A.B. asks: 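Sharing a structure here in structure tokens format.
The basis for the numbers below is simple: all heavy atoms, side chains too, and nothing from hydrogens, waters or symmetry mates. Numbered from 1 within each chain, the chains take letters A, B, ... in sequence-line order. No experiment lies behind these values; they were computed from the predicted model shown.
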There are 2 protein chains.
Amino acid sequence: MTAQPASRVTIKDVAARAGVSKGAVSLAFNHKPGLSEATRDRIFRAARELGWAPNLTARTLAGSRVDVVGLAICRPARMLGLEPFYMEFVSGVESVLTEHSCSLLLRLVRTVEEEAGLQETWWRGRQIGGSILVDFRADDPRVAVARRLGIPVVAVGHPSLTGGLTSVWTDDATAVTEAVRYLAALGHRRVARVGGAAALGHTSIRTAAFDEAAGALALAGAWQVATDFSGDAGARATRSLLTAAAADRPTAIVYDNDIMAVAGLAVAAEMGLRVPEDVSLLAWDDSQLCRLTHPTLSAMSHDVHGFGAEVARTLFGVIMGDGAGSHPVPTPVLTPRGSTAPPR
Amino acid sequence: MTAQPASRVTIKDVAARAGVSKGAVSLAFNHKPGLSEATRDRIFRAARELGWAPNLTARTLAGSRVDVVGLAICRPARMLGLEPFYMEFVSGVESVLTEHSCSLLLRLVRTVEEEAGLQETWWRGRQIGGSILVDFRADDPRVAVARRLGIPVVAVGHPSLTGGLTSVWTDDATAVTEAVRYLAALGHRRVARVGGAAALGHTSIRTAAFDEAAGALALAGAWQVATDFSGDAGARATRSLLTAAAADRPTAIVYDNDIMAVAGLAVAAEMGLRVPEDVSLLAWDDSQLCRLTHPTLSAMSHDVHGFGAEVARTLFGVIMGDGAGSHPVPTPVLTPRGSTAPPR
DNA sequence: AATGTTTTCTAAACCGGTAAAGTCCCAATC
DNA sequence: GATTGGGACTTTACCGGTTTAGAAAACATT
């Protein structure tokens, strides 16, 4: 990858034009003291006339800031395409980064180990000034890497998973409990949950909370299935849950994302079951998708965009040296729509 | 954004340990001739022992490659979250970038003008080695910027829109024609199209092709609506198309993406119309979503992942200096599923 | 007027690499 | 035996900024 020449304007040209030294230009552009207002003006004028902006690469190398934040996402490509969560999350992150004229370095990886290596490479190569870590699992190798190298990171996940790294998280356990209680309150006694990838930490948390809630409410039936978050998996899981005899099958199903809930809706239709009369469905994340189906999908709803923004804000805090600790964001709240109702 | 110290290993340390000069280490790591096998080995061993990897920032500054590719997407954040197309496209791009150990710099912008400025900043600041431009519109300002600065870019869009930049594109006109012909062949005489954003070049192309095809087939009715690609807009458009008296309303609707088609499906259900008996629906892009509805959605289907990969490959070509010109990728093909049938 | 203090600005040393030019040594050629 | 020609490295000059240690000038103090 060779870069074209393309007559670049450098700090030297600006300095020459303003009749000062390189150092002076640098001071001016970093708003540092030691220059008279007059020269400052002269420098900015010269820069404007030449259309110059500091070269970030050089600036980085010279050892000040790195205006890039890393984010690696570790899920099979095919699955990602469908997951509204990530794009929305990313757009929330970006909204804050942009204010700091900071960019996002995005990479899709296949395994956490690969990601751990990537983060190390990025950091050592001074490609990033900090990083966002998502999708924690038990004994996550990224914790050690971040700690060993002292990378400023924000871990998206419950503190119990993120090994003491600064974390931003939603209270999944409470949300699951609320979901189950709601369905029980509607009168459901046989409830199922179509969960996400078993390896993921937040899936375990939800699984445990579901068991707990089902136990506390003494539900007659409580099923849980792990999937890979894909619509296909959600469809399969739903199909297998609903093929039992009417008296034995769940009357309500909670999904771990909204794609699987949409798939579940289709499966119910395909099997001739009415939603919500024969079976209630409850989605998670609540992207716009939930309002585009018929019936509309009830969901555990949270502001994913705002979540991303909060993560980015927290990361800036970490980079600046403050703001470690644990930052909970609002718990997903139940948004009832057309897909949930009392069982017949 | 200040970076932590974190005792960095540099090329100098490796050189010292291997008992050679910095230059030798550089030669070894760039696989250039002029070193004996023995020294090469010694250098690599030393690097491994010290856990050293070349600092990309320094490498970039020194004027060789820039291992980063830019991509700015210009659509409202809320809409993006839902658009399966982009994530899938990005994942296709990444799959090729990764092979070249190259990263993607992603940014969401609000206007093309903003993007044009961003591309210029990126390029001048040597943040990127090349860029991918998407969503072309008439008189797109990015064409001039790319040309003036000599940025290696690949334009995703029909050559008529991309002002002579190297382009990768799908033949939307042919695909639209195929869609209309198919519906006509099923016996539909009143067909509508719920299109994307009117400002976008490929929307205009599809609009013109639809008119042309409808004319050629002498359809009794041919409606077109422009939207913003959102599910809500798709729902609204569908609702307004279907409220006409049965004898006057379209019996088939083509959508410009699959989100709107899903929304259309829900609207039909909500209005008590059966799909495909009362109205046929045809989606575009064909993400997994189309197979998760009931009935499943017929779609103009193409390999978005592969599309992204081809774009990345072409970009590498451009960066290397060859491979300019126009690169068509396969035309979307009709994939009939459950949402299309002859009209009653 | 001589002596501190600031303020303003410059020169030069980095940052961590790359690349072109230069040095050294040894085998081949005339 | 002097010349040529490589191969194997090293030297050195950047890349485009930041930063620190001064120097020069302006101002204040005694």
Side-chain angles (χ1 to χ4, degrees), chain A residues 1-43 46-47 50-67 121 123-127 129, chain B residues 1-43 46-47 50-67 121 123-127 129:
Chain A
M1 269 180 82
T2 327
Q4 262 72 348
S7 73
R8 299 179 185 285
V9 182
T10 76
I11 198 173
K12 214 190 294 182
D13 304 316
V14 178
R17 174 156 197 139
V20 296
S21 69
K22 293 198 309 172
V25 178
S26 176
L27 290 181
F29 265 77
N30 290 305
H31 301 102
K32 295 205 172 170
L35 287 182
S36 68
E37 269 316 307
T39 12
R40 221 173 268 279
D41 280 357
R42 208 142 33 82
I43 291 172
L50 293 169
W52 179 79
N55 176 328
L56 291 191
T57 305
R59 202 175 237 189
T60 298
L61 184 57
S64 51
R65 52 185 143 307
V66 181
D67 293 317
T121 306
W123 176 250
R124 300 185 93 122
R126 274 177 152 250
Q127 301 242 82
Chain B
M1 271 181 81
T2 328
Q4 262 70 348
S7 72
R8 300 181 182 285
V9 182
T10 76
I11 198 174
K12 214 190 293 180
D13 304 315
V14 177
R17 174 156 197 139
V20 297
S21 69
K22 294 198 309 173
V25 179
S26 176
L27 289 181
F29 266 77
N30 291 305
H31 300 103
K32 295 205 173 169
L35 288 182
S36 68
E37 268 317 306
T39 336
R40 222 174 267 277
D41 280 357
R42 209 143 31 84
I43 291 173
L50 293 169
W52 178 79
N55 177 327
L56 291 191
T57 306
R59 200 177 240 186
T60 298
L61 185 56
S64 53
R65 52 185 145 306
V66 181
D67 292 318
T121 306
W123 177 249
R124 299 184 93 122
R126 278 182 148 241
Q127 302 242 82

A.B. asks: Rounded to the Å, how far apart are A:R40 CZ and C:dT8 C1'?
C.D. replies: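 To the nearest whole Å, that distance equals 10 Å.
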A.B. asks: Does A:S36 have a side-chain nitrogen or oxygen under 4.0 Å from the phosphate oxygens OP1 or OP2 of C:dC9?
C.D. replies: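 Looking at the OP1 and OP2 atoms of C:dC9, one of them is under 4.0 Å from a side-chain N or O of A:S36.
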A.B. asks: List the atom of B:R40, the atom of B:H31, and the distance in Å for their closest heavy-atom pair.
C.D. replies: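 Closest approach of B:R40 to B:H31: NH1-CA, 4.1 Å.
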A.B. asks: For B:V9 versus B:W52, what's the shortest heavy-atom pair and its separation?
C.D. replies: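 Nearest pair, atom of B:V9 first, then B:W52: O-CD1, 3.1 Å.
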A.B. asks: I need the CG-P distance between A:L56 and D:dC15, as an integer number of Å.
C.D. replies: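 My rounded result for the distance is 18 Å.
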A.B. asks: Report the distance from atom OG1 of A:T60 to atom CG of B:L56, rounding to the nearest 0.5 Å.
C.D. replies: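 Reported to 0.5 Å precision, the distance equals 11.5 Å.
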A.B. asks: Using 0.5 Å steps for rounding, measure from the OG1 atom of B:T57 to the CG atom of B:D67.
C.D. replies: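 Rounded to the nearest 0.5 Å, the OG1-CG separation comes to 10.5 Å.
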A.B. asks: Give me the atom names and distance for the closest heavy-atom approach of B:A46 to B:A18.
C.D. replies: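 Nearest heavy atoms, B:A46 then B:A18: CB-CB, 3.9 Å.
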A.B. asks: In whole Å, what is the span from the NE2 atom of A:H31 to the P atom of D:dT19?
C.D. replies: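 So the NE2-P distance, A:H31 to D:dT19, works out to 14 Å.
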A.B. asks: What verdict does the side chain to side chain contact (heavy atoms under 4.5 Å, CB included) test give for A:I11 and A:F29, after you've listed the backbone C-alpha separation in whole Å, the side-chain angles of each residue and the deciding distance to 0.1 Å?
C.D. replies: CA-CA 10 Å; A:I11 198 173; A:F29 265 77; over 6 Å; no
A.B. asks: Rounded at 0.5 Å granularity, tell me how far OG1 in B:T121 sits from CD in B:Q127.
C.D. replies: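 Output value for this atom pair is 8.5 Å.
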A.B. asks: Which whole-number value in Å describes the distance from B:D67 CG to C:dT18 C1'?
C.D. replies: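 Going from CG in B:D67 over to C1' in C:dT18 covers 14 Å.
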A.B. asks: Any chance you could lay out the side chain to side chain contact (heavy atoms under 4.5 Å, CB included) test for A:L35 and A:I43, step after step, and finish with the verdict?
C.D. replies: CA-CA 10 Å; A:L35 287 182; A:I43 291 172; 4.2 Å; yes
A.B. asks: Each nucleotide in nucleotides 10-17 of chain C should get exactly one letter: B, S or -. Can you fill that in based on protein heavy atoms under 4.0 Å?
C.D. replies: B----BBB
A.B. asks: Quick one: bend of the helix from C:dA1-D:dT30 to C:dC30-D:dG1 from 5 pairs per end, to 10°?
C.D. replies: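 That helix gives 60° between its end axes.
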